[in-house]
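Worksheet: one structure, shown below.
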Amino acid sequence: MTDLNAFVTRERVEGAEDGPLAGKTVAVKDNISTEGVATTCGSDMLADYVPPYDATVVQRLKDAGATIVGKANMDEFGMGTTTETSAFGPTLNPHDEDRVPGGSSGGSAAAVAADEADLALGSDTGGSIRCPAAFCGVVGIKPTYGLVSRYGLVAYANSLEQIGPMAPTVEEAAALLDVIAGPDERDATTRYDTRDGHPTEETTYADAVDGDVEGLEIGVPTELVEGADEAVTETFWDALADLEAAGATYEEVSLPSVEHAVEAYYVIAMSEASSNLARFDGVRYGSSGGFDGNWNEAFSEARSEGFGEEVKRRILLGTYALSAGYHDKYYKQAQDARSWLKRDFDEAFEEVDVLASPTMPVLPMELGESLEDPLTMYLADANTVPVNLANLPAISVPAGKADGLPVGLQLTGPKFGEETVIRAGSALA
Ligand code: GLN
């Protein structure tokens, strides 16, 4: 069998002897810190970086008895939709090795799909768990912002991202979420839903895997279906018919502000990235460019050599969007669009319990196809980024195949509505 290049580093770390994940192997995305095991973020900049501590989620995996089998390949610093921007070469899609596995958590998804790990952790800033889950035919959950600790996750865009589970089935993904979810004193943005007590205090997410969608009201945002390829939408409507046959009803709804979501997402993500990635200067973090008396030159050399093209593009655009004089024109407008979008989702959830759409509007691209054309690649995120902008939970479950390739169905819930999306997803996969 061909090596899919799903891992940057293969190294076994045994967890506790007992626990809910005893006997399970887990691939950990390479932007999640692992004590004593290299954490490269798919970048030459961090090729030799070995964290001195574990991310909270890694500590929780170990406590739960899981065995880590390696660090999964990814787009450099999470910036991409195909895992091709990795400095360590692309990961191949196990369903068709001429195609991408999706990104940026492509190594995590491919490892699970090819049975190189039972489970995986990914991170999702604008779709990086759901996109590769869809392209590789596995399940991925992007949790509500604040449900899972980001301590030890190398930041790309803090206000958007969450770590989440990837697995062959909804049940296994839910069980992994049970292990990693919950407040962490090291991440002040973590919290439980306080409205009616957090579900995991009495029940588990795995308990929600009962396939019971009787009476569930599903909204289908017209804007998220219209632009998708025909092969994708056919599979999507078939899956929706299955949910209907199981007792759910559906109606079309509108999220008018999603038309600005991709632009808003990229302005915000790049702005936050330009600030987050300032620490990689070869002195504080990252490979050094050498010093011959001028710090500006030393930083510039380290950053020119250490970062790939896509990362540089985003740092430049993000710095520009935040600069005096342009801040109001770009960053502020993007924040406004983010607020409108949140309002659209709130209104939709007054009518329906969950929203359904294709996870990705396209089938997995051929390797090399999208690298030359960043704007087209950004547009492929149209259905996933609105969820991050609104800080909501969403799951991608396999909906079936089109042209022999996996298609994902995305279910989005209200804040802390993980149980609802897990229950609905479990009726399908
Ligand atoms: N494709 C999106 C981006 O490039 C999402 C990445 C992610 O979720 N990390 O920013």
Side-chain angles (χ1 to χ4, degrees), residues 28-32 41-43 72-86 90-91 100-109 120-135 140-143 145 148 150 153-166 261-277 307-318 321 334 338 359-362 364-365 369-371 373-396 408 410 412:
V28 175
K29 188 176 181 180
D30 212 17
N31 59 352
I32 301 174
C41 293
S43 181
N73 198 12
M74 56 181 282
D75 281 298
E76 188 175 5
F77 287 102
M79 299 178 188
T81 306
T82 63
T83 311
E84 292 169 295
T85 71
S86 168
T91 295
V100 302
S104 64
S105 313
S108 301
L121 290 183
S123 68
D124 192 310
T125 312
S128 283
I129 289 176
R130 290 159 288 154
C131 160
F135 281 5
I141 301 174
K142 181 265 168 203
Y145 189 76
V148 177
R150 286 179 294 110
L153 170 70
V154 180
Y156 158 19
N158 322 47
S159 80
L160 297 160
E161 59 207 3
Q162 278 284 287
I163 294 171
M166 306 176 82
V262 171
E263 293 102 304
Y265 167 79
Y266 275 96
V267 169
I268 293 170
M270 290 180 188
S271 299
E272 292 186 23
S274 70
S275 159
N276 278 322
L277 271 58
F307 290 139
E309 208 177 314
E310 183 62 28
V311 171
K312 284 183 201 161
R313 172 165 31 244
R314 296 191 187 199
I315 293 173
L316 288 172
L317 287 170
R338 188 173 188 176
T359 307
M360 297 300 288
V362 292
M365 301 81 144
E369 193 182 323
S370 47
L371 268 186
D373 187 359
L375 281 181
T376 306
M377 194 178 75
Y378 299 165
L379 284 173
D381 298 335
N383 289 6
T384 52
V385 296
V387 171
N388 302 74
L389 287 165
N391 300 137
L392 300 174
I395 190 170
S396 178
Q410 171 173 254
T412 303

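Every number for a ligand or one of its atoms is a count from 1 in the order of the listing.
- For ligand 1, the atoms sitting less than 4.0 Å from at least one non-hydrogen atom of G80 are 1 (N), 2 (C), 3 (C), 4 (O), 6 (C), numbered in the order shown with element in parentheses.
- The two residues I315 and F307 come nearest to each other via the heavy atoms CD1-CE1, 3.6 Å.
- Of the polar atoms of Y265, at least one N or O is found under 3.5 Å from an N or O of ligand 1, judged by distance alone.
- Evaluated by nearest non-hydrogen atom to atom 7 (C) of ligand 1, the leading choice among S128, P132, A273, G102 is S128.
- Contact atoms of ligand 1 toward Y266: 1 (N), 2 (C), 3 (C), 4 (O), 10 (O) (distance under 4.0 Å to a heavy atom of the residue).
- For ligand 1, none of its N or O atoms has an N or O atom of S123 under 3.5 Å away.
- Nearest approach of V148 to P143, heavy atoms of both residues: CG2-CG, 3.8 Å.
- Salt bridge annotation for E310-R313: present, with a cationic side-chain nitrogen under 4.0 angstrom from a carboxylate oxygen.
- Interface of G126 with ligand 1, defined as ligand atoms under 4.0 Å from a residue heavy atom, comprises 5 (C), 7 (C), 8 (O).
- Among protein heavy atoms, the minimum distance from atom 2 (C) of ligand 1 is reached at D381 OD2, 3.2 Å.
- Closest heavy-atom contact between R314 and G80: NH2-N, 3.8 Å.
- The shortest heavy-atom distance from A269 to ligand 1 is not under 4.0 Å.
- For the pair R314 and ligand 1, a heavy-atom separation below 4.0 Å is found.
- Panel note: side chain T359, backbone G408; a donor-acceptor pair is recorded below 3.5 Å.
- Considering backbone and side-chain atoms together, M79 places no N or O closer than 3.5 Å to any N or O of ligand 1.
- Nearest heavy atoms, E272 versus A157: OE1-C, 3.0 Å.
- For ligand 1, the atoms lying closer than 4.0 Å to a non-hydrogen atom of Y156 are 3 (C), 9 (N), 10 (O).
- Atoms of ligand 1 lying under 4.0 Å from any heavy atom of D124, numbered from 1 in the order shown and given with element: 8 (O).
- Counting heavy atoms from C-beta outward, Y266 and D381 have side chains that approach closer than 4.5 Å.
- If you take CD on E76 and CD on E84, they are separated by 13.5 Å, rounding to the nearest 0.5 Å.
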